[in-house]
Every structure is written in C-alpha cells, then in structure tokens.
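These numbers were taken from a predicted model, which means no experiment stands behind them. Only heavy atoms go into these numbers, but all of them, side chains included; no hydrogens, no water, no symmetry mates.
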Amino acid sequence: MNELSWKKSKRSSEEGDNCVEVANVPGTVAIRDTKNRDGGTLLVGRADFRRFADALRGL
C-alpha cells in the first residue's frame, strides 16, 4: 500500500503527532497511522468513511 498517494489533514501539526493519513483506493478509503506507517492499514467503504468524517466535523 506504500505506492498509494497518502494525504494527511491540513490541520495536523508539523510534528505529525496524533495524525492519520488517508488514501483513495477504488471503492474504499485506506487509513494508516502517521507515526507507524508500517503498522498496518485499515480499509473502509467510502460511505462508512463519509459518515465517520461527518461525525468528526460535528464534534
């Protein structure tokens, strides 16, 4: 999954503390921990990721 175009939130600090990165995969969204990029990747459906992101915006 390292060949994907990973993106980190613009709101993340320069140090990268407590951040995740996301990448578009056909039909899904890949998510990984910025501090442990080799620690595994979570794949979620686009609709589920959208609901998750919308819920975070509401906090």
Side-chain angles (χ1 to χ4, degrees):
M1 294 252 162
N2 289 329
E3 67 279 356
L4 297 174
S5 177
W6 292 97
K7 297 181 181 181
K8 186 168 56 167
S9 171
K10 293 177 184 173
R11 293 182 176 217
S12 298
S13 67
E14 290 294 321
E15 296 84 35
D17 294 342
N18 301 318
C19 299
V20 295
E21 298 172 323
V22 297
N24 288 317
V25 179
T28 62
V29 176
I31 306 168
R32 70 180 181 185
D33 184 347
T34 299
K35 292 187 284 185
N36 186 12
R37 291 180 173 137
D38 294 325
T41 302
L42 176 66
L43 298 174
V44 297
R46 290 186 182 280
D48 291 330
F49 184 79
R50 174 59 56 202
R51 283 191 293 274
F52 172 69
D54 288 346
L56 289 177
R57 285 186 193 101
L59 295 177

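- Considering every non-hydrogen atom in both Trp6 and Thr41, the closest pair reads CH2-CG2, 3.8 Å.
- Of the possible polar contacts, none joining the Thr28 side chain to the Leu43 backbone as a donor-acceptor pair under 3.5 Å is found.
- Between the side chain of Arg46 and the backbone N or O of Val25 there is at least one donor-acceptor pair closer than 3.5 Å.
- Nearest heavy atom pair, residue Ala23 against residue Ser5, reads CB-O, 3.6 Å.
- With contacts defined as side-chain heavy-atom distances shorter than 4.5 Å, the pair Arg50/Val29 does not qualify.
- The pair Asp54-Arg57 meets the salt-bridge criterion, since a charged nitrogen lies less than 4.0 angstrom from a carboxylate oxygen.
- Closest approach of Leu4 to Ala30, counting heavy atoms only: CD1-CB, 4.2 Å.
- Rounding to the nearest 0.5 Å gives a distance of 4.5 Å between CD of Glu21 and CZ of Arg32.
- Hydrophobic clustering (ILVMFWY, side-chain heavy atoms < 4.5 Å, transitive): Phe52 and Val44 are in one cluster.
- Grouping the Ile, Leu, Val, Met, Phe, Trp and Tyr side chains by contacts below 4.5 angstrom, directly or via other members, places Val22 with Leu42.
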